[in-house]
Amino acid sequence: MVFDLRKILRANVRGFKPYSCARTEFAGEASVLLDANENSLGSSLPGEYNRYPDPLQRRLKERLSEVKDAPVSRIFVGNGSDEVIDLLIRAVCEPGRDKVLVFPPTYGMYEVCAALNDAEVEQVPLTQDFSIDIPALAGNLDERIKIAFVCSPNNPTGNCIDAKAIETLLERTRGIVVLDEAYTDFCPDRSFIRRISDFPNLVVMQTLSKAWGLAGLRLGMAFASEDLTDVLSRIKPPYNVGSAAQALAIEALTNGAARKEEMVRTILEERARLARALAELRFVRKVFPSDANFLLVKMDDPRLVYRRLIEKHIVVRDRSSAHGCADCVRITVGAPEQNRMLLAAMKDIEG
Ligand SMILES: *Cc1c(COP(=O)(O)O)cnc(C)c1O
């Protein structure tokens, strides 16, 4: 299928003129900045936050470019992946007409953002082993589908989606394929970032919220063709990432990689230990294999277990109502001491 970005953009987005902020109009060096109604006396905090942030996040993108091995022009930065998901749907889905394709069970935000933007959701459920059902997909790629969301490793199932299936989807759809790699650091498969030049309709999303341990910063990234990142930059709120978040993200990417790697190693060890111990409990029926920082666990009475854990001040996610996840809870792999507490509580429940 030939991909034509202009054809799939919403008509109003195609000709959209972005808000032109003071710092976009003037990008040179100046010492007297009286163009943006900022407070030139300073901040009410010790830090220097009186100036608006760089709307293009240039220094941050330069660091990301080195760490992720992608050109600056192919990087978009959002206020968390959640903002990126919303902007992508808004860029291509004509409200009340176009559709979003999802593969349940998966991350709930795709559907929430689709609903908010009045885009219909088409579902092609994953197979029993949580892979994309290619034959079922073939009959479901109608013209109104402008965007498909694939999550790999998938939340809440924890498995990676087969690269061949992702390629098939990329080739057969007229629309954009968003590959959400939020958990990529916990998984041995290679990122699709290096495949962006092969597929003009591919958007790879990553985040600093998981392996980097920076969920509070709200820093999500999209890697895509220059044409696509340009569209996102034109329609985003001008100052979507604050200066504190930009500065701290640069600091993490510059000096925090070793700490990130160490944390990922610990989480992987803990994941294996937790999976073994959970599988030994009498009421646990299955611990699904995971390439992420959580485990999907099928058990006899998930609601009872959920409640008993809450009584012990331990909170997990009840996923038993999600498609294909009957009787399952999703448990995030915690710090070693937290995992010990979880296991002790589970043994207690076992009685
Ligand atoms: C946690 C998670 C994210 C991260 O979202 P942010 O808005 O960047 O914090 C993205 N996608 C999936 C599937 C997730 O589980």
Side-chain angles (χ1 to χ4, degrees), residues 57 60-61 64 67-68 75-90 100-114 116 121 123 126 130 132 147-161 166 176-187 189 191-193 202-224 232 236-237 240-242 244-246 248-249 252-253 260 263-264 267 271 288 290-296 315-319 322-325 328-334:
Q57 304 111 8
L60 172 56
K61 284 179 187 168
L64 279 171
V67 173
K68 298 290 176 183
I75 303 175
F76 175 81
V77 179
N79 195 304
S81 313
D82 292 345
E83 184 184 43
V84 182
I85 296 167
D86 181 63
L87 288 173
L88 283 164
I89 295 176
R90 269 202 275 173
V100 170
L101 178 65
V102 298
F103 301 91
T106 193
Y107 190 41
M109 276 306 283
Y110 313 140
E111 266 195 66
V112 170
C113 286
L116 184 60
V121 176
Q123 304 192 340
L126 295 175
F130 301 136
I132 291 183
I147 186 163
F149 286 95
V150 179
C151 187
S152 180
N154 186 39
N155 178 5
T157 59
N159 61 302
C160 285
I161 302 297
I166 296 167
I176 289 171
V177 175
V178 182
L179 181 59
D180 187 344
E181 294 186 336
Y183 300 99
T184 187
D185 298 84
F186 306 103
C187 145
D189 289 9
S191 164
F192 259 68
I193 289 179
L202 170 63
V203 177
V204 176
M205 281 201 313
Q206 292 192 4
T207 177
L208 297 188
S209 294
K210 305 287 153 71
W212 291 87
L214 298 170
L217 283 195
R218 309 309 302 130
L219 218 306
M221 313 152 237
F223 302 86
L232 294 174
K236 78 178 178 75
N240 61 327
V241 182
Q246 290 190 43
L248 290 169
L253 293 162
K260 182 208 80 166
M263 291 194 290
V264 168
I267 289 167
R271 183 178 77 192
F288 289 90
S290 172
D291 280 316
N293 65 344
F294 55 82
L295 292 165
L296 187 70
V315 49
V316 297
R317 196 91 196 266
D318 180 1
R319 295 279 77 184
H323 169 90
C325 295
C328 288
V329 297
R330 189 193 70 193
I331 303 174
T332 305
V333 178

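Start at 1 and go down the list; that is how both ligands and their atoms are numbered. Along the sequence shown, residues carry numbers from 1. The shown structure was predicted, so the numbers you read here are calculated from the model rather than taken from an experiment.
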Note to self: At less than 4.0 angstrom from any non-hydrogen atom of Ala182, what atoms of ligand 1 do you find?
What the structure shows: 2 (C), 3 (C), 10 (C), 11 (N), 12 (C), 14 (C)

Margin query: Can you check which of Leu208, Thr207, Asp180 brings a heavy atom nearest to atom 12 (C) of ligand 1?
Written below: Asp180

Check: Do Asp185 and Gln206 have side-chain atoms, one donor and one acceptor, less than 3.5 Å apart?
Finding: no

Check: Going by the atom numbers of ligand 1, which of them fall below 4.0 Å from some non-hydrogen atom of Gly80?
Finding: 7 (O), 8 (O)

Next item on the list: Working to the nearest 0.5 Å, report the span between CG of Leu179 and CD1 of Ile166.
Entry: 4.5 Å

Check: Mind checking whether Arg218 has a heavy atom under 4.0 Å from ligand 1?
Finding: yes

Checklist line | 4.0 Å heavy-atom contact, Ala215 with ligand 1 | finding: no

Checklist line | Beyond-backbone contact of Trp212 with Thr207, side-chain heavy atoms, under 4.5 angstrom | finding: no

Next item on the list: Look up atom SG in Cys151 and atom CD1 in Ile161, then write down how far apart they are to the nearest 0.5 Å.
Entry: 8.0 Å

Check: How close does the nearest protein non-hydrogen atom get to atom 2 (C) of ligand 1, and which residue and atom is it?
Finding: Lys210 NZ, 2.4 Å

Notebook entry, point to check: Should Phe288 and Phe130 be marked as a ring-ring contact (aromatic ring centres under 6.0 Å, His included) after you check the CA-CA gap, both sets of side-chain angles, and the distance that decides it?
Noted result: CA-CA 10 Å; Phe288 289 90; Phe130 301 136; 5.3 Å; yes

Next item on the list: Begin with the C-alpha distance, continue with both residues' side-chain angles, and end with the deciding distance and a verdict on side-chain contact (heavy atoms from CB on, under 4.5 Å) for Leu60 and Val77.
Entry: CA-CA 9 Å; Leu60 172 56; Val77 179; 4.0 Å; yes

Checklist line | Closest protein heavy atom (residue, atom, distance) for atom 9 (O) of ligand 1 | finding: Ser209 OG, 2.6 Å

Note to self: Classify the ring geometry of Tyr107 against Tyr110: parallel below 30°, tilted from 30° to 60°, perpendicular beyond 60°.
What the structure shows: perpendicular

Next item on the list: Identify, for atom 15 (O) of ligand 1, the protein heavy atom at the shortest distance, and state residue, atom and that distance.
Entry: Tyr183 OH, 2.6 Å

Next item on the list: Quick one: look at Asp82 and ligand 1, take heavy-atom pairs under 4.0 Å, and tell me if it's side chain, backbone, both or neither.
Entry: both

Item checked: Atom indices of ligand 1 within 4.0 angstrom of Cys151 heavy atoms, with elements -> 13 (C)

